[in-house]
Structure formats: structure tokens, C-alpha cells
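A short worksheet on the structure shown next.
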Amino acid sequence: MALLLSILCTLCLVGQVLGQDMPYEDFLAQVQACPKECRCPPNFPRAVYCDNKGLKSIPNIPKHTWYLYLQNNLIEVLSADALRNATQLRWLNLNRNKITSEGVEEGVLGKMSHLAHLYMDDNLLSSVPSPLPASLEHLRLSRNRISKIPAGVFVGLDKLNLLDLQANKLMDDAVTEVSLKGLNNLVQINLAKNQLSSMPLGLPPTTTQLFLDGNNIEKIPAGYFKGLPKVAFLRLNHNKLGSSGVPKDVFNVSSILDLQLSHNQLTEVPLIPSGLEHLHLDHNNIKSVNGANVCPVAVETVDDSVNDSVPRLRYLRLDGNDIKPPIPRDVILCFRLLRSIVI
């Protein structure tokens, strides 16, 4: 009976492996080569778990590994030798280690021709690693010490759609058209909690989500968003924006759905674009809201019918200002789809 159960378990395991398009010979080689410091689950043979082990260096990684988890260790060097066989890596998680830019050995990342996801949050990097593989789709480098983006580092990365550089030390001279060149298909860029004093230049026109919270931005150039025709989610919370630095119609872009301007120094509500659905203006210095000034269409032309011409605003947050209720009637008449107003 025990033998029968063993055979059945083996057959089930083989079936799982074949179901992952992994030959049984490769499966055996992968399990046998699993580093003693790590865990290689038989039911997920292409993954190697070396996280939370107190490792100071990367062990030798088996060659059939697709997913490598090394987060929460004490690793200082991203070693080419340890990863020399791991040429099939798709996913590499190195979050919360002690890797410096000098500790990223030359060419170690560029050789990973299948790598799609690279996570190096919470390390000690001072620069964006270079070179990077053309296969990369997501690059997360938040909470490092990055003050430099090497020129041309993103050239050839046509698959990269997410770039997270939150909570670094980037200044205006580091985020330029030259340093961002090559981001031809970027969808989301996170530059929050850096040291920017102006809106970044050189963002690709494919950008849909732009996060700039927690910088020192004081003004937005007129027509800035004409170069970002797809931007839908825009966060500028916790900056130094005053109404004099925000042209009245600068946000009048049909693509913007969610606009966050909380914790700034605005004294007026900017013109609200027709397609905007969520607007956060809490904790500014706004004293009143005038429907005639903020409505994107003439208030008297808005009727009871719901059609494409009706402004789409559904959520408006105004608390933390000097506004006294009630909300003026012309604001309600303009934004007929409003479901929630926080004041």
C-alpha cells in the first residue's frame, strides 16, 4: 500500500511538472541543485526561495530557475558568479538588502535576457543600475539613495512599462530628456518623495500614471500636459503649488480621470476638466468655490439629461480648507454626477 501511494504521488508530481512545460530531467536537476540555504518547492520547481535567511551573499542558483526570491537578507553584492547559470530568470526580488551601486557587478543584469521583473527596493543604490536587459517590464528601485540616472540607461528597453524611483535623492538635473530617453512604452512612473522643484522633462507620451507626491514643486508650466496625451492618474500631493503657479486650464486634458492636489498652497480651485472623475483638493488654502470659474462648460447649458457633454466629476474632496458649507448651487448644477463631496 505504501509503495502504491508513493507511485501515485510521483505520478502526480510528474504531471504537475509536465503541466509547467518542464521536462522531468530538468526537474530532477533543478531540485538536486537547490542551494542548501534555500527552498525549492517540488510543486513550483522553477521558483527558488532564499528570502529571510540572513544571507550575506547569493548562493549558486540552479539554471532552470525562473523566479528567484532573495528579499530580506544582508546581501551586499549582486554577484555574476552566483547567477552565471541562472540565464532563464524572469523574476528577481532583491528588496531589503544592502546592495550598493558598486556592489552590482559589471554586466550581471544585462546578461539576463529573459528578466521581466526586477525589484531592488530598500537597498543602498546611488544610481540606476546599468546595463539593464531589453526584456525588462517592471523596474522597482524605491527607497534607495539614487541621485543619478545614467544617460542612455533606458535605451532599448522598449518593454519597460513601470518605473518606480520613489523615495530617492533625485533632483531636477537628474530627471531630464537625456536620462529618460528610451522609455518608449512606459505606462507608470513614480517619482514621489524625491527632491524635484519643477515638473520633470522628457516623460514619454505613453505615460498614463504619474506620481510626484512629496517633492518641492512650485509651479506647472502652461501646456505641460499637452506632451502627455494619455495621462489619466496624476498625483501631486504634498508639494508647494500655489494658485499663481498653476495656470487655470493646465489640467484641461481629456484623458485625466483622477487628480490629486492635496496638501499644497492653492487658494483657488483650478478649472475642472469635463472628463475628470475624482478630484482631491483637501488641505490647501481655498476659501470658496465658484461654479462659473471651475465648471468646464457654461452652467446654464447643463440640463437634467446625462450625456457626453455633462462633466463626469463624481468625487470631490475639499476638507482642510477654509470653505464654509453649503456648496454653492451652481457647483451642484454643473457637476450633476457628483456622488460624494467631503468638506
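FYI, side chains are in, hydrogens and waters are out, and symmetry mates aren't considered; it's all heavy atoms of this structure.
Under the 3.5 Å distance criterion, the side-chain polar atoms of Asn52 are left unmatched by any main-chain donor or acceptor of Gln71. Side-chain N or O atoms of Ser197 include none that pairs as donor or acceptor with a backbone N or O of Asn216 at under 3.5 Å. At least one donor-acceptor pair under 3.5 Å links the side chain of Asn215 to the backbone N or O of Leu212. Within the 3.5 Å criterion, the main-chain N or O of Pro273 finds no donor-acceptor partner in the side chain of Asn252. Panel note: side chain Asp282, backbone His280; no donor-acceptor pair is recorded below 3.5 Å. In terms of modelled atom types and a separation under 3.5 Å, the side chain of Asn168 and the main chain of Gln166 share a donor-acceptor contact. Remark: side-chain polar atoms of Ser142 are not paired, donor with acceptor, to backbone N or O of Asp121 under 3.5 angstrom. Looking at Asn284, its side chain does come within 3.5 Å of a backbone N or O of Leu261 through a donor-acceptor pair. Judged purely by atom type and a 3.5 angstrom limit, Asn264 has no side-chain atom pairing as donor or acceptor with the backbone of Asn237. With Ser179 contributing its side chain and Ile149 its backbone, the two residues share no donor-acceptor pair below 3.5 Å.
The aromatic rings of His263 and His238 sit parallel to each other, their planes meeting at less than 30°, with 60° as the upper class boundary.
Gln88 and Thr65 share no donor-acceptor pair across their side chains, judged by distance under 3.5 Å alone. Judged by distance alone, the side chains of Ser198 and Asp172 do bring a donor and an acceptor atom under 3.5 Å apart.
For Arg317 and Asp319, the salt-bridge test passes: some basic side-chain N is under 4.0 Å from an acidic carboxylate O.
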- Task: Quick one: do Phe211 and Phe233 satisfy ring-ring contact (aromatic ring centres under 6.0 Å, His included)? Show the steps, please.
- Result: CA-CA 8 Å; Phe211 303 146; Phe233 301 92; 8.0 Å; no
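Residue Val175 forms a side chain to side chain contact (heavy atoms under 4.5 Å, CB included) with just one option from Leu165, Ile189, Leu180, and that option is Leu180.
The structure places CG of Leu83 at 6.5 Å from CD1 of Ile61, a figure rounded to the nearest 0.5 Å. Distance check: Ser255 OG to Leu276 CG gives 10.5 Å after rounding to the nearest 0.5 Å.
The shortest side-chain heavy-atom distance between Ile327 and Leu318 falls under the 4.5 Å cut-off.
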